[in-house]
Participant: 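Here it is: the structure, laid out below.
Side-chain atoms are counted along with the backbone in the values below, which use heavy atoms only and exclude waters and symmetry mates. Treat the numbers as computed from the prediction; the structure is a model and nothing was measured. Every chain is numbered from 1, with letters handed out A, B, ... down the list of sequences.
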Amino acid sequence: MKSLLEVDWIEDFLQGKMLTKKEDYCQIVMRRQYYDFVRYANNSVTQSGHVEDFSLRINYVLDGKLGTAAVTCTDKQSVYDAVRKAEKNAEVCGVAQPTPCKEKQKIRYVVERWKDARELSNSLRTGYVEKICRSARKEGCVAGGYVSTEYAEDAVMDSAGSVLIHPSEVAECKLYAENGEQSGTGSICRCSLSEIDAEEFAAQVFAKIKKEKRISVLPGEYPVILLPEAVAQMFSFLGPYAFSSNAVENFRLWMDKNGKKFPEILYIWDDAYEQIGMSAPFDGEGVLKKRVDLIKGGELRSMVYDTRMAAKYGKESTGHGSSVKQTISPLLPHISSNCRPANLIMMQGIHSIEDMIAGMSSGIIVTAFHYNRLVDQAGVVATGTTCGGTFLTENGKVSGQICDMRYTQSFLEALQNVEDVGCIREIHRDITGIYTVPAVKISSFCFTETVRGK
Amino acid sequence: MLQGLPAIRNSEKEFMKEIYSKILSRALVLGAGYADVRTVRTRRQLVSVVNGEISKVDDGESEGYNIRVWMGGFWGFAACCGRPEESWENTLQSAVDVARAAGRLEETGELFVPEAGVAAVYRTPCEIDPFSVPVSDKIEFLKMCDREIGRLEDIRQVRLQTEAVKENKLFVSTEGSCIEQELTTSGGGVLCTAERHGEVQSRSYPNRLGRERACAGWEYVLRMNLADEGKRVSREACMLLHAKECPKKKTTVILDGSQTALALHETCGHAVELDRIFGEEMAYAGGSYLAGEECGKYRFGSDIVNVVADATCPGGLGTYGYDDEGVKAQRIELVKNGIWTGVIADRADSLKLGIRAGGMSRSESWSSIPMARMTNINLEPGEWSLEDLIGNTREGIYMEVCRSLSVDRLRLNYRFGAEVAWEIKEGKLGDVLKNPAITGTGRDLWRSCDAICGRKYWRMWGTDCGKGQPSQNVVVGHGTSPARFRNVQAGTY
């Protein structure tokens, strides 16, 4: 497989020869990805596929106005034509955009390729599914989910001579299982599928599923332990609505009303370098990502910025101009920058989940949430239901699985009410980003209804 | 084999005809019992103006193709961006490898409902091609609307936008089909946000987040009357800052067309998807509270509830000529006089239920596998006028435009928030209510439906719909008019 940089027009482009005027600025953003997946349901394979995708976006800045264009091929004429189209778009319908400082942009940052995930055979992926399904049958469960591997290469280059290129690999296993009475879910994400033990992963999920009937619990405010997958889901809302400078424009008034105090135990930051194999250390605007402390020492320390928001608020871009849709096929190369932290990490604590349960007289344990939707942006209030194993704890012990519950809760208030942080972190990924998070214990979480069954 | 291909006219297409013939022939040689190739080119454009300034001009295109092969009872699917001329052999081999790997688990022997090959060309109606309108004209149009809307004291943000999508598809199969389609959609809307003393309230037109699309051209946007409607929702956003909270009580609720569409989508459309009923989507999107054997017997709603899946409905966002498995678009009854009668299914699941394929298998793009998806899921109109319906309601709440939505894994328990509501007292609209929401089960909701407004109030609504892993987003339509529901739990979000 050729590198994204093995194109015959690269030197012309890097030397600014595709520009109409030397004062102009032009950037090319490329992504290529290979995605393989196997879906299963009812203990059998239902769908599997292989997808190869590529996108190339041109950003042309003319007199402070950004115009964009895209092509799906890399021959010189097509790229040249796209550059002209982007220039014309900047002229007639450009969006105000600060021109990057060209001196600062002169970066050469090329990471060697990782092991080629394409070598991973379909049989190996299917084999993982086979092991999970076999375990499910043995446990008397019906299982569904998927196993996927993704190899992607991101590159950004500009007319000032900068070149950034980074390959990434992500393997994921997801499993949802039930036995007619109870359910369990799990998710695991690593750089390589070889780092995932399918049987061990499945066993952890099946351990949540017992044969007893689920207990029904009255709605109300309960102390909760959110397991890492639920914490990651919570952060997928906090990222854009609390930790992004975009949130300021989108009426993030909660902070002003309720202060910026958080428990000292919380330390949350965004750092692509700690998830380096899985995502690029630069953003879709070609800015190297900075580590940003978000909550530390009991306070909201900072937010993440892309170039537009940084210019507006007199800051430097932290390298967080990304596009959510840019990472899943079909790649849509013209989607605007969507400023958000995409590599959120939370410091682990010292207590195991068992320790946290032992320290809780009564409460609820949430494995994951389902169909979460924001109901109030200003307070980051979301609603959804629990799923994949919700448990009641009494007198420091798990007393059994309960029916799923609907919650309606401000995630910012939930963060303020964190009492303890688990000692083991898990990596979870969705289309919004990658989250390295432990379980958390929260003093009060609002459940508004019990989910009724068939 | 490809008797449909004469529908492809010019020399480039003649060249493509050879390529497609080669792919399908080779697939059969490699052992496929069936194969199809689908090429899709999609152009999407979004233009938005926020507070009178250009905020976004996104104009992107994606082009690619996929090959599906049916081997040993399993599908093999492989997709590649670009055109197939140079890459098809690798892509076909990948599809075959995928099917063989899946097939080593267990051979099901299952196939899918067969279809006769068809040659067809289909285009959605479009008076003004949205891509023929210069972006600069669209920006000027939105800025003009913004100026007309003006700024009331508490308004902090006015966001106007237009969207256009054109999808060109070509589907060929070893059944002899060759189907060429061009689907053009256009839309737009306005979202006004007001703020006072830290409280934020938004109102949008015509639909949630100031978005609405239909199978139509730029003329659809011009007819939206964005400036006048923008003024109205701007006033309402400010009114909400002074409104009282929606009371928490069981009461009669009248939902406007867009809220009824949302309820229909989440608690009916998804619930009757056969893959959900079979548990095939349980791991992510979820299942259904309905059981297959209950179809034809189960009381879904009251006697006046009639629901159809109609992919032929003019202007509907879920309107097309043929689905992504080469089956002609159809009108299927889902609920008849309150009884659940039909399902949304792809060809393979249709065989399991012993029904003919309903032309409802769709995919987001060239890179995604077709699966059972909603088309236009429509609630048939009743007889009432909205004025009479409100006049006939002694006490209740009238709610407009979705603010938030959430449903459980079985599509039974819902919670729907609206942007705005009004008290109904003695048959008249009263005070404005903020943060309104309803909660309950879809079963109770539709069984309590006692009045539906007539054809005059019935219109198509458009929305996005997510499903599948990897997640696929397709557009669907819902034809609805305002409807009344009794004994519904109302409250605030």
Participant: Is it the side chain or the backbone of B:A285 that comes within 4.5 Å of chain A heavy atoms, both, or neither?
Facilitator: backbone
Participant: Go through the atoms of B:R41 and report whether side chain, backbone, both or neither lie under 4.5 Å from a heavy atom of chain A.
Facilitator: neither
Participant: Measure the shortest side-chain to side-chain distance between A:R452 and B:D444 over non-hydrogen atoms and say whether it is less than 4.5 angstrom.
Facilitator: yes
Participant: Can you tell which of A:R406, A:Q47, A:E178 has the highest number of heavy-atom pairs within less than 4.5 Å of chain B?
Facilitator: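 Greatest number of close heavy-atom pairs with chain B: A:R406.
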Participant: Is there a side-chain contact between A:E449 and B:Q489 (heavy atoms, below 4.5 Å)?
Facilitator: no
Participant: Assess the residue pair A:V51 and B:W366 against the criterion (side-chain contact (heavy atoms from CB on, under 4.5 Å)); give the C-alpha distance rounded to whole Å, side-chain angles, the decisive distance to 0.1 Å, and a yes or no.
Facilitator: CA-CA 9 Å; A:V51 179; B:W366 57 266; 4.1 Å; yes
Participant: Could you check whether any side-chain heavy atom of B:R403 comes within less than 4.5 Å of a side-chain heavy atom of A:D376, counting everything from C-beta outward?
Facilitator: yes
Participant: What option among B:P134, B:A291, B:S136, B:G279 has the most heavy-atom pairs under 4.5 Å with chain A?
Facilitator: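 So the answer, after comparing B:P134, B:A291, B:S136, B:G279, is B:G279.
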Participant: Verify the neighbour count for atom NZ of B:K143: are there more than 12 heavy atoms of other residues, nucleotides or ligands below 6.0 Å?
Facilitator: yes
Participant: Counting only non-hydrogen atoms closer than 4.5 Å, does B:E266 touch chain A with its backbone (N, CA, C, O), its side chain (CB onward), both, or neither?
Facilitator: side chain
Participant: Measuring heavy-atom distances to chain A, does B:Y414 have an atom under 4.5 Å in its side chain, in its backbone, in both, or in neither?
Facilitator: backbone
Participant: Show the nearest heavy-atom pair for residues A:G453 and B:L412, with the distance to one decimal.
Facilitator: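 Minimum heavy-atom separation between A:G453 and B:L412: O-CD2, 3.2 Å.
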Participant: Who pairs with B:A194 by side chain to side chain contact (heavy atoms under 4.5 Å, CB included), at least two apart in sequence or on another chain?
Facilitator: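 By the side chain to side chain contact (heavy atoms under 4.5 Å, CB included) rule, B:A194 matches B:D154, B:I155, B:A237, B:C238, B:L241.
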Participant: Carefully, step by step, assess A:V45 and B:F74 under the rule side-chain contact (heavy atoms from CB on, under 4.5 Å).
Facilitator: CA-CA 9 Å; A:V45 171; B:F74 283 91; 4.2 Å; yes
Participant: Measuring only between side-chain heavy atoms, which start at C-beta, is B:E281 closer than 4.5 Å to A:R39?
Facilitator: yes
Participant: Heavy atoms only, distances under 4.5 angstrom: which of A:G67, A:G388, A:G144, A:C93 has the most pairs with chain B? Name it, please.
Facilitator: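 The residue among A:G67, A:G388, A:G144, A:C93 with the greatest pair count is A:C93.
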Participant: Is it the backbone or the side chain of A:V142 that comes under 4.5 Å from a heavy atom of chain B, or both, or neither?
Facilitator: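 When you check distances to chain B, no heavy atom of A:V142 falls under 4.5 Å.
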Participant: For B:E85, is the CD atom crowded, meaning more than 12 foreign heavy atoms sit under 6.0 Å from it?
Facilitator: yes
Participant: Does the side chain of A:Y35 come within less than 4.5 Å of B:P470's, by heavy atoms?
Facilitator: yes
Participant: Does the side chain of A:Y40 come under 3.5 Å of the side chain of B:E280 through a donor N or O and an acceptor N or O?
Facilitator: no
Participant: Heavy-atom cut-off 4.5 Å, strictly under: side chain, backbone, both or neither for A:L374 against chain B?
Facilitator: backbone
Participant: Quick check: do A:T408 and B:R415 have side-chain heavy atoms less than 4.5 Å from each other?
Facilitator: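 A:T408 vs B:R415: side chains touch.
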Participant: Of the listed residues (B:I54, B:I139, B:V407), which shares the most heavy-atom pairs with chain A below a 4.5 Å separation?
Facilitator: B:V407
Participant: Examine whether an atom of A:T450 lies under 4.5 Å from a heavy atom of chain B, and if so say whether it belongs to the side chain, the backbone or both; otherwise answer neither.
Facilitator: backbone
Participant: Take atom OH of B:Y284 as the centre, draw a 6.0 Å sphere, and report whether it contains more than 12 heavy atoms from other residues, nucleotides or ligands.
Facilitator: no
Participant: Return the option, out of B:M371, B:E63, B:R443, with the maximum number of heavy-atom pairs under 4.5 Å with chain A.
Facilitator: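 Of B:M371, B:E63, B:R443, B:R443 has the most heavy-atom pairs under 4.5 Å with chain A.
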Participant: Would you confirm whether A:N122, through its side chain, and B:A101, through its main-chain N or O, come within 3.5 Å as a donor-acceptor pair?
Facilitator: no
Participant: Begin from the C-alpha positions of A:T126 and B:R100 and carry the test side-chain contact (heavy atoms from CB on, under 4.5 Å) through to its verdict.
Facilitator: CA-CA 10 Å; A:T126 310; B:R100 283 185 178 147; over 6 Å; no
Participant: Need one label for B:R83: side chain, backbone, both or neither, based on atoms under 4.5 Å from any heavy atom in chain A.
Facilitator: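 When you check distances to chain A, no heavy atom of B:R83 falls under 4.5 Å.
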Participant: Are B:L405 and A:Y371 side-chain neighbours, meaning at least one heavy-atom pair lies under 4.5 Å?
Facilitator: yes
Participant: I'd like to verify something: which residue of B:A283, B:G466, B:A79 has the highest number of heavy-atom pairs under 4.5 Å with chain A?
Facilitator: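 Most heavy-atom pairs within the cutoff with chain A belong to B:A79.
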Participant: Quick check for you: among B:N66, B:N413, B:V40, which has the greatest number of heavy-atom pairs under 4.5 Å with chain A?
Facilitator: B:N413
Participant: Looking at every non-hydrogen atom in both residues, tell me the closest pair between B:S406 and A:G384 and how far apart they are.
Facilitator: OG-CA, 3.5 Å
Participant: For chain A, find which of B:V47, B:I369, B:V135, B:N90 contributes the most heavy-atom pairs closer than 4.5 angstrom.
Facilitator: B:I369
Participant: Under 4.5 Å heavy-atom distance to chain A, tell me which part of B:T91 shows up: side chain, backbone, both or neither.
Facilitator: neither
Participant: For a quick test of reading the model, state the closest non-hydrogen atom pair linking A:G49 to B:V98 and the distance between them.
Facilitator: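 Closest approach of A:G49 to B:V98, heavy atoms only: N-CG1, 3.8 Å.
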Participant: By a 4.5 Å heavy-atom criterion (distance strictly below it), what part of B:D137 contacts chain A: side chain, backbone, both, or neither?
Facilitator: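 Answer is neither: B:D137 stays 4.5 Å or more from chain A.
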Participant: Name the one of A:T386, A:D404, A:T385 that satisfies side-chain contact (heavy atoms from CB on, under 4.5 Å) with B:D408?
Facilitator: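 Only one of A:T386, A:D404, A:T385 forms a side-chain contact (heavy atoms from CB on, under 4.5 Å) with B:D408, namely A:T385.
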Participant: Heavy-atom cut-off 4.5 Å, strictly under: side chain, backbone, both or neither for A:V38 against chain B?
Facilitator: neither
Participant: Can you check side-chain contact (heavy atoms from CB on, under 4.5 Å) on A:E52 and B:C81, steps first, answer last?
Facilitator: CA-CA 6 Å; A:E52 298 184 20; B:C81 63; 5.7 Å; no
